[in-house]
Amino acid sequence: MSNHAVPFFRASIGKEEEAAVLAVLKSGWLTTGEKALQFENDFSVKMNDVANDVERARKSLGLDTGAVRSFAVNSNTSGMILALDACGVAKGNAIITTPYTFVSTAACARHVGADVFFADIERDSYSIDVQKIENILKSNNGPRVKAIVPVHVAGNICNMEKICRLAKTYGVRVVEDAAHAFPSPTSLGYAGTIGDVGVFSFYATKTITTAEGGIVCTRDERIAKRIASMRLHGMDRAAWNRYTSSHASWKYDIIECGYKFNLPDVLAALGIEQLKKADAFFQKRKRIAYIYNEAFSSCDFITLPPDEVGNAWHLYLMRIVPEKLTISRDSFAKKLQERGIGISVHFIPLFHFTYWKKYVPDFTSQNFPNAEKQYVATISLPLWPDMSDSMVQNVINAVKEIGAQHHG
C-alpha cells in the first residue's frame, strides 16, 4: 500500500479475483494448466472480436487475416524474447526500435544475440518516427534488420499502417511492444495483433494484471508453433497434457533449446477475472483522463498528452512547458510528491543508461532530440480505475497550485 495521499497506482482487485485464486490454490494444480489455457482462449476471443471492415483493411495492406492465437507467458519481457526468436531474429541480425521505452524492449534483442538500431520518436508524440525507421532501412545497416519493434507508449498507438507498409516493402517483421496497449481497438484490429506478433504486459501496474505476466499474440501459424514449443523448454508436450490426459505418458521429446516462460494457473486465474472487467476499467481511466484534460486545458504551462484513435489511456503523460516555468520537471515532480501525489516518469530514454551508452556508438541525447525533449518535460500522473473524485481533484489542485507558484 502506498503512503501517498494519492498513490500513483493501485490495482483494482475484487472478490471475484480473490475467489478465483483461492479456487486454484485448493485445486491441487498451481502451475500452467486449465486456467492458463482458459485465459489464452478468452484473450483470443477478445482479440478476434473485430468487424468485417477491419478484415478488409488488413487484406488491403496484405496483412494476415487469420485468427489471433494467444500464448500466456510469465512477463512481457519473456514474450518479447519469444516473439523475436519466432521471427528469426538472431546473432548477426538487428531490430529497429525507439529509445523512448522501458529497457526490456531493446534488451530482448540482445538476449537473442541481435543488435539494436534506434529511431527517434515523433516531435509531438511518444511514438517512433516512421521516417527515421525508413532512413535506417535505407542505410548500410538496413540489410541486417530483421524486425521493426514499435512501442505503444502509454497506450497511444504508433502509425501501424505506415510501419506495416514499410515492413512489407523491405521484407522485415513487425513485433509490437504492446505492454501499454490493452485494450486498444484500431482500424486494423486491436493493437498487439496488427503486426506479425504482439506482446502485452499484465504487470501489477498495467491496465489488467496477473501480478506478473503477459501474452503473446500472432496470426501466423509458423510463429505460433515456434512460440508454443519455445516457452516451455522446447518440449513437444505441455505439462498439463502429460499429467492429466488419459493417454499421458512420462515420455516427451525436446525439439528445441527452449525457455521457461510459462504462466502458472494461480496467476492466470487472476487474469481471467481481470479480462472480464477490462472494458469497464478502460472507461473509468478514460473518464479520469478527460477530467484532467479539461482541468489542464487552460494551463499554459502544460501540454496535454497525445490522444489518437485507439488510445488505451494506460498512463497520463502530462508535459510541462519549461519556458513557462521557473522550475524544472524534476523539481515539479518532487513538489507533487511532497504534496502526497504519487508520480512517475515514463520513460528515461535508453541513451541515459550506462550499458546502452557503451553499446551504441554516438548514443546521445543530441542525436535523439525529440526523445530528450519529451523526457525532460514529462510527468506521469496517477491514473487508475478506482481513483475517487476527491483523489482526482487533489491531483489537479496540486498541479495547478505548483504551476501558479512557479510560473515564469
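Residue pairs meeting the ring pair (Phe, Tyr, Trp, His ring centres under 6.0 Å) criterion with at least one partner in residues 36-72, sequence neighbours excluded, are Phe39-Phe202, Phe43-Phe182, Phe43-Phe200, Phe43-Phe202.
His407 and Phe301 have perpendicular rings, their planes meeting at more than 60° on a 0 to 90° scale where under 30° would count as parallel.
Contact record, Val149 with Ile95: CG2-CD1, 3.8 Å, taken as the closest heavy-atom pair. Among all heavy-atom pairs drawn from Met387 and Val392, the shortest one is CE-CG2, 3.8 Å.
Every residue meeting the side chain to side chain contact (heavy atoms under 4.5 Å, CB included) condition with Gln283, not counting sequence neighbours, appears here in chain and number order: Lys286.
The six-membered or imidazole ring of Phe118 lies away from that of Phe351, with a centre-to-centre distance of 6.0 Å or more. Annotation: Trp356 is not in aromatic contact with Phe353 [ring centroid separation under 6.0 Å not met].
A donor-acceptor pair is defined here as one N or O able to donate and one able to accept, closer than 3.5 Å; such a pair exists between the side chain of Asn159 and the backbone of Lys162. Put simply, the side chain of Lys400 gets close to the backbone of Ala295: a donor and an acceptor are under 3.5 Å apart.
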Take Lys357 and His352, measure what side chain to side chain contact (heavy atoms under 4.5 Å, CB included) needs, and give me the verdict at the end. CA-CA 7 Å; Lys357 285 190 285 188; His352 284 283; 5.9 Å; no
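With contacts defined as side-chain heavy-atom distances shorter than 4.5 Å, the pair Cys108/Ile81 qualifies. Using a 4.5 Å heavy-atom threshold, the side chains of Val175 and Ile148 count as separate.
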